[in-house]
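All remarks here apply to the structure that follows.
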Amino acid sequence: MTGVPMPAESIAKVDLLLGQATMLTADRWDDLAAMIQEAMGISLLMAATHPASRPVDVPGLTRLTALECVQNAQREVHAWDLALAEDLPDLARLRVLLADVRRELDSTVGRRG
Amino acid sequence: MWEVVRRELARLEWDVEPPLTLDLMADWTQTVSSLVTIRRALGPISTADPLALLATATTGAARTAEVKPILAPSLGAVSAALADVGQDVAARPDFDRQRDAATLNHVAYELVHWVRVRTPDDRAKAWLLAGETALDGAIHAPTGRSAGGVGLAAWQDALAAVQPVQNAPIVRRSVALGHLAILRNAHALVDEVTKAGALPGPYADALLGNIRDLARAHQTTLSQIDGWRLGATRVDQAVMLQVGTAVRQLTGRPEPTEPLHVRLDVLLRSGLGQAILVANLTGEPSAHPAAARLSQLALEYLTKPRMLRDVDLSDAPTPPAPMEPNAAAAREPRASAGIAPVEPTITPGTVLDGPSILALCKARDLGVDAGSADPEDPPDSLRGVDPSRWPQLVAQGRQAVTDMVASVLPMVYAQTRRTANAADIRGQMFVELMGAAHRFDPQRTSPEGWASYAWMTIKHVRWRGVDDAGVVRKRTSSPRSAPISLDGWDPASRAPDPGEVVEERHAVAAITQALGQLSPSLRGPLLESMQGHPLREIAEDLGYSESTAHRRSKEARAHIRDDLASHAGDRPWVPLETGTDAVLQRAQHLFEQTSPPSFDLKPSRGPAR
């Protein structure tokens with residue numbers, strides 16, 4: 001262990017957000033959906049490994065779009081100490097995935113006007 | 001050696017007045033233990049082995065809530081005969097491993113079918129069908145090991161583990177999310193092989209249509225789960241870890257060396273990730289028809305697996321051989337059989353300099369391109385290269401990956417020295433190292449960074465670890481205990497022994513009965529307490545003061561403890577000698593793991609959680 005406090009509640013929020021993003025893109029069958037699901041898989045395992053001590057809420061979760069879910073998740077993850085990489089081996093992959101997904105979703109939304 | 005088993009099977013079928021059992025599932029779990037004992041005596045058992053899958057499926061069936069005991073002819077004599085075979089196999093070094101393994105699969109297949117048709121509950125039946133299908137595939141259309149198969153075995157194992165807590169929203173959510181990932185993967189693979197003409201069009205269309213229907217049903221399930229309530233249910237962390245690990249395995253990047261048709265094959269063999277079991281667990285009505293049709297299509301594939309392979313084998317890239325770094329690795333249980341190994345051209349542990357690693361990566365990438373490129377429209381990397389040379393490039397690419405792995409091989413042994421389950425962990429590390437050798441990008445760090453990258457990969461595997469059956473599991477900080485005999489234990493999971501599962505069902509019934517005898521004023525506080533609510537919330541919900549809630553909860557516990565103790569003679573599983581508190585703790589733990597009680601708990605005021 002690194003001695004860095006584990007942001008269990010933030011992990012739970014990311015888990016909620018990426019679960020919601022997965023739900024919203026459940027009818028997509030492209031690579032973007034695959035990336036969201038991979039990120040969801042990572043956060044699900046993180047949340048199971050480091051459960052929060054109390055229920056966590058994301059206000060207005062059900063009203064968020066997939067892009068907003070990913071953006072919020074990315075904000076949470078970017079707030080985590082990078083020294084957690086030792087305890088969260090998939091952290092780097094999650095950061096990369098969220099960046100890619102956000103960029104892709106962003107450009108899709110942009111293209112659609 | 002099998003003569004007595006054959007005789008007992010015949011008796012089972014023809015005996016006009018057979019000895020009866022009151023609980024067929026209990027008999028069956030015992031029989032499965034005997035079958036698994038024989039399988040283990042025949043050699044290392046992987047998580048994707050049909051017998052391991054049968055054991056997991058049996059655990060799932062035995063854990064199905066509210067299944068009434070089944071009166072049926074007893075399997076006791078068959079079980080005893082199988083136990084004798086297990087002892088014989090263990091004692092004799094000269095047995096014909098292949099023949100005995102085939103016989104074992106046949107016996108197990110016949111028995112699980114026999115049990116399934118006598119099981120009235122549809123959910124338990126679905127579990128048994130999953131085990132039967134795995135054996136059916138192994139007997140009639142055997143296939144090699146694959147990374148996808150291991151992931152799906154972990155998934156089935158996780159589904160069995162969540163069975164007692166399936167009503168918890170967090171569990172339903174995780175199962176639906178995990179299965180969505182399986183469906184998306186299946187959709188992509190079906191799409192791709194169909195475009196390549198490797199799957200009949202109508203069959204592929206039916207698959208795709210039902211996959212989409214089931215995904216929509218999961219979407220409905222997820223949309224109905226309130227995220228705020230997820231943390232309000234207490235679910236055993238080990239169970240959630242098992243689900244999370246399985247989902248992570250399924251959502252990770254696919255093993256690049258695994259051809260498309262192999263990945264689709266394992267998905268179809270698994271009934272597309274046990275669609276029916278998932279539909280049962282999520283409880284969404286619209287999921288059932290799509291899941292049933294998918295299961296039917298998967299079974300259809302099992303009867304005619306060539307409908308995928310015929311075209312695929314001729315047109316698709318040659319399946320690359322799996323990594324067999326050296327003779328020691330070839331003895332590992334994860335080593336794939338039946339495919340030509342690639343020997344490294346360097347001595348394991350050779351330190352490669354930057355240019356050498358760059359050259360290997362280049363050869364690797366060329367090989368990957370050559371293995372999947374279209375001669376009509378080659379990628380830039382292959383322009384000007386005669387397509388007749390492509391197979392050679394594929395072989396060189398494989399060799400490059402093999403050499404990259406060989407260069408870091410001593411790390412694996414350094415990490416697993418003096419470790420229990422070393423063989424399984426090494427097997428997992430080899431698989432991961434193969435993936436790492438394919439993923440490593442020298443442009444992103446430096447070519448010399450390969451050793452560090454491999455080291456991190458190995459550490460990751462070590463961090464997660466594998467259990468006695470080779471299943472990747474959660475991190476442990478302490479050294480693993482020495483392996484113990486799995487006699488009577490399910491080797492494919494850390495779930496309780498099937499016999500213990502039956503005991504647990506009895507225990508839960510006893511606790512439920514004892515709870516039913518409590519007065520409502522005592523039952524209410526106790527139930528809330530058992531669901532993990534703090535005293536303050538219990539008091540608020542039920543309209544008591546905190547001290548009253550505490551007193552009533554304590555009194556209720558004393559009643560339950562007395563009641564359980566008075567029936568201790570009827571329930572040998574209750575460890576009375578460990579003290580009454582332990583009894584109550586176990587009772588409470590078991591109760592929390594099962595579906596919520598049917599008692600009508602209506603708080604007089606306060607918010608419902």
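No hydrogens, no waters, no symmetry mates; every other heavy atom, side chains included, goes into these values. Here is the naming used below: chain letters follow the sequence lines, and residue numbers restart at 1 for every chain.
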Could you tell me if the side chain of A/Leu45 sits less than 4.5 Å from the side chain of B/Val247, heavy atoms only?
no
Toward chain A, the part of B/Ile211 with a non-hydrogen atom under 4.5 Å
both
Hey, what do you get for CG (B/Leu250) to CD (A/Glu38), rounding to the nearest 0.5 Å?
12.0 Å
Would the distance check show the side chain of B/Gln219 and the main-chain N or O of A/Met23 forming a donor-acceptor pair, the cut-off being under 3.5 Å?
yes
Taking atom CD of A/Gln20 and atom CD1 of B/Ile225, what is their separation to the nearest 0.5 Å?
11.0 Å
Might you point out which heavy atoms bring B/Ala215 and A/Ala26 nearest each other, and give the distance in Å?
CB-O, 3.9 Å
Any Lys/Arg nitrogen of B/Arg173 or A/Asp15 sitting under 4.0 Å from an Asp/Glu carboxylate oxygen of the other?
yes
Part of B/Arg216 within contact of chain A (heavy atom distance under 4.5 Å):
neither
Point-to-point distance, once rounded to the nearest 0.5 Å, from OG1 of B/Thr251 to CD1 of A/Ile42:
7.0 Å
For A/Asp31, does the CG atom have more than 12 heavy-atom neighbours from other residues, nucleotides or ligands under 6.0 Å away?
no
Does any backbone or side-chain atom of B/Thr221 lie under 4.5 Å from a heavy atom of chain A? Answer side chain, backbone, both or neither.
neither
Walk me through it: do A/Leu44 and B/Arg248 pass the test side chain to side chain contact (heavy atoms under 4.5 Å, CB included)?
CA-CA 8 Å; A/Leu44 189 69; B/Arg248 180 70 191 109; over 6 Å; no
Assert top hit (heavy-atom pairs under 4.5 Å, partner chain B, pool A/Ser43, A/Ala34, A/Ser53) equals A/Ala34
In terms of heavy-atom proximity below 4.5 Å to chain B, should A/Ala52 be classed as side chain, backbone, both, or neither?
neither
Which bit of A/Leu24 is near chain B, if near means a heavy-atom gap under 4.5 Å: side chain, backbone, both or neither?
backbone
CG-CH2 distance between B/Leu183 and A/Trp29, expressed to the nearest 0.5 angstrom
6.0 Å
